[in-house]
Structures are given as structure tokens and as C-alpha cells.
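What follows is a set of notes on a single structure, which appears directly below.
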Amino acid sequence: MIAMKMKQQQFDCIREQAMRLAAMDTSLYHAKFAGLDLAGMKNQEDFETLPFTDKADLRQAYPLGLAAVPMEQVVRIHSSSGTTGTPVIIPYTKKDVEDWAVQFARCYEIAGCTPEDRIQITPGYGLWTAGIGFQAGAELLGAMAIPMGPGNTEKQLTFMRDMGATVLCATSSYALLLTEEIEKRGMRSQLKLKKGVIGSERWGEKTRRRIREGLGIELYDIYGLTEIYGPGIGINCAYDCGMHVFDDFCYYEIIDPDTGKTVPDGQMGELVITTLRKEGAPLIRFRTHDITRFIPGKCPCGRDYPRIDVIMGRSDDLFKVKGVNMYPAQVEEILRAVPGTSSEYQVEICHVDGKDRMTVSFETAEPESRYGDLEAQVRTLFKSRLGMTPEARAVGMGVLPRSEKKTKRVYDLRG
Ligand code: ZN
């Protein structure tokens, strides 16, 4: 079984782009592709020998070294998280901004949104690509955007009710927080919400069910990252079997993060993206560090766009305890298999007496007399599925910290 087949049109486009960037002495690809026979590149196999582009390459280009057009054609910049050192600056041309909105509007359409909808946007605005992308797509679709930005739960709920919002755009943790607040206030019947478009961080089935049932809405996962336009380059359809990604704007590969080789369709690996039309900052073989897989076959909705699975984690989220590799997604799967546990959990790993010690804390609505039993079940499942036994700790509902941004769940204190 071979990996996703590259279309001729995609290949021609990438080859032309690679040659153009390599010839441009201000491009990071000038050095990266030096000495490679790009003109002689004949097929997908040749393409797969090209070096990857990583976030470190992008950081080195700070401030505006990624620009592949004269600066007067750049109409906007965005920046991805600068929490670890130099930020990455992505320049956009007018066409890039339009192309992004086209993809985002397509996402809303796939989610069944129409110009009738009123779309409440809670992701952040500013250097982030989040809020403004949700807004541009909504406006291109012809829907009404309600550009709230994050936080101020009281005002969110007032606007949601008074504006008659039908679609909520949020991170999963913020959608969960709003669900809890709406229930607490008993105001569901005053709201017109029908759908949630949720940012593509890794989130568990329990959280999903909690929001879906708590609010009685359909949920859609939207995918994207600042380096490649932003959110809105992929979304699941009503059949909810993976996210469609738009292969007329980008070429997608899944690789083994250790070997760098593409994996057969259906296997988990790291998503790698090559832009096909981007002008401001075209990227070739950009490593997203997102763990997912291609879903083989055709979607029942009939759309031909390829599908990727929900993001299972970050390749750098991988953590090793007592010699066992784990993703947070696996912890969630185990907790899901134990009735009575909730989707809120936290993992703490420390080093005690020369040994790793992992503690899994999880929330439960069960009475305290059941805690010991739940903890034992969690320990047993870790042992049988992952071959290691952590400490397990049951706590009451609402005890673990929530955040309006992405919730950090794994704390590695081994230094
Ligand atoms: Zn579909």
C-alpha cells in the first residue's frame, strides 16, 4: 500500500515553486536546496528526497526573511507563538489573505453554515491567525460575524443570547467552559446555537460529548496553523469521519517522525505540508509536528478532498515514562474506557529515588467511596495497554484547573 498519490498538477506547481525559491538569494531555500537538481526532479519519489522545513528555519528568517515577494506586496503579517525564543513572522500578500478566506468559507460550507448564520468568534485577535481567519471566512460566506475574541464569559453569554448566535467558534477548553456556564445559568433555552466550530487542538471524545450533549449542537473540528495560512485549511463534514483538507491549496504528507519517510495511508505519523499557491511565505515540506493519519477511501459525503484524522497530539508531546512512549491521546483513551471518570485529567511525571513516577489525576462525579476502585481500574488498564503502572488519583468535579486557552495536561517535572 502506497502513501497518498501526488497529482501531476501539484507536482508541476511544487517543482516550479522550488526552482523559483532556490534561485532567490533572500529565500531560506536558496541555501537549503543548494546543489540539488531541482530541474531534474521527475516525480513524487524525487520530491520526497527534498529536505524538510522546520520551525527553526522559520525562526532564523526573523524578522521578514520569509518574504518571497517584494515587500510592497505584503499586506499583513501574522506571528506564531513566541513563547520559546524568537517568534516566527509570516508575511501575507493580498492574494494569500483572499485564498485563506476562500478555504475558511469552504470550511463553514462543509459544516453546513449558510449566510443565515450568526457566527460568534471567541478565538483571539491580533498577531494570532485565529480570530481574523474565522471572521474573514464568515464574511466571505455572507454570514454575520460576531467578533468577540476570548474571555469575558458574562459578555459572551449576553451577546450569544441577544445576537441570536447560531454558530460558536472556540477552542475545546473554552467551549467546555461556556457549556458549564450555560448549564449553571440554565440559559440554554434562550440560545439559538446549532453548531460549534472547534479549533483543532487534541481533545477527547468525552469533552466532545460533554459539549455536544450539554449544548445540543453539532461539532466540527477545524484544522490549521499560522505557518500555513492559519485555521481553516481543513474541517470534518457532517459524516464526522476525519477532516477534509484542501489539496488544491496545499500538498499533504504523513511521515514517520523518526525516519522522515512517508508512511502508508492509514498509519499514524507527522503531518507535513507544502503550500501550492502561497505568495508571501511559500513553504516546502513544512513539519507541523501534528500527529494524525490519512483516512483511506472516499468520504460518504462525496467530496474528493483527502481526509486526515483528528489530531492525536504533537510529535513533541510524546513523553517517555519508564521507557514507554506515550501520547496524551492514549491517556485519554484509557480514561474513556473506565466508566465514571470524566474527560478532565492531568498527568504529572517526576523523578523520585532515581525512578520515574507518573501520577494520573482525573475528575469523577462518583462518591468518594468509589475513588479507590476507579483508581485501581485506571492502574490496571495502563498496565495492560501500555505496559507500565502509574499512580492514579481520583478527584471531584471542577478540582483540576481549566483555562480559556489550551489546557496543559502533562507536567513533566523531571527537569
Ligand atoms: Zn466528507
Side-chain angles (χ1 to χ4, degrees), residues 1-7 9-10 99-117 119 133-134 137-138 140-143 166-170 172 175 193-205 207-209 211-213 215-225 228-254 263-269 271-277 288 290-312 329:
M1 177 132 158
I2 61 144
M4 189 67 68
K5 191 103 181 70
M6 184 183 266
K7 293 173 181 165
Q9 211 177 350
Q10 292 174 321
D99 284 351
W100 181 19
V102 165
Q103 293 176 82
F104 215 128
R106 199 186 272 174
C107 285
Y108 282 127
E109 274 166 4
I110 291 176
C113 300
T114 72
E116 306 280 295
D117 278 302
I119 303 181
F134 281 92
L140 185 62
L141 177 71
T166 56
V167 179
L168 169 67
C169 302
S172 62
L193 274 189
K194 289 186 296 198
K195 296 172 199 289
V197 175
I198 307 297
S200 66
E201 64 181 316
R202 163 72 202 162
W203 55 313
E205 185 52 38
T207 306
R208 188 182 305 258
R209 199 182 316 133
I211 298 168
R212 193 193 299 130
E213 289 169 7
L215 295 180
I217 58 176
E218 292 166 20
L219 293 179
Y220 295 86
D221 283 284
I222 197 149
Y223 181 69
L225 58 165
I228 313 283
Y229 297 105
I233 62 172
I235 195 166
N236 60 301
C237 65
Y239 289 89
D240 200 10
C241 47
M243 297 184 282
H244 287 284
V245 288
F246 307 134
D247 58 349
D248 48 345
F249 285 91
C250 293
Y251 175 69
Y252 293 85
E253 303 171 77
I254 307 272
V263 301
D265 288 356
Q267 262 182 37
M268 284 287 175
L271 185 67
V272 171
I273 305 178
T274 298
T275 62
L276 300 176
R277 302 195 196 180
T288 66
D290 283 332
I291 299 293
T292 182
R293 65 187 185 108
F294 280 126
I295 297 182
K298 201 170 159 70
C299 183
C301 78
R303 291 182 182 89
D304 283 323
Y305 303 122
R307 287 170 297 154
I308 56 171
D309 209 336
V310 290
I311 305 303
M312 292 299 286

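Each ligand, and each atom within it, is numbered from 1 in the order the structure gives.
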- Note on the structure: Row for the Zn ion (ligand 1): angle SG (C237) to SG (C299), 10° precision, value 110°
- Message: Working to 10°, measure the angle at the Zn ion (ligand 1) formed by atom NE2 of H244 and atom SG of C301.
- Response: 100°
Nearest 0.5 Å please: distance from the [atom1] atom of [X] over to the [atom2] atom of [Y].
{"X": "I311", "Y": "Y223", "atom1": "CD1", "atom2": "OH", "result": "4.5 Å"}
{"X": "I308", "Y": "I273", "atom1": "CD1", "atom2": "CD1", "result": "7.0 Å"}
{"X": "I233", "Y": "T275", "atom1": "CD1", "atom2": "OG1", "result": "10.5 Å"}
{"X": "Y108", "Y": "K195", "atom1": "OH", "atom2": "NZ", "result": "12.5 Å"}

- Item | N, O or S from C241 under 2.8 Å to the Zn ion (ligand 1) | no
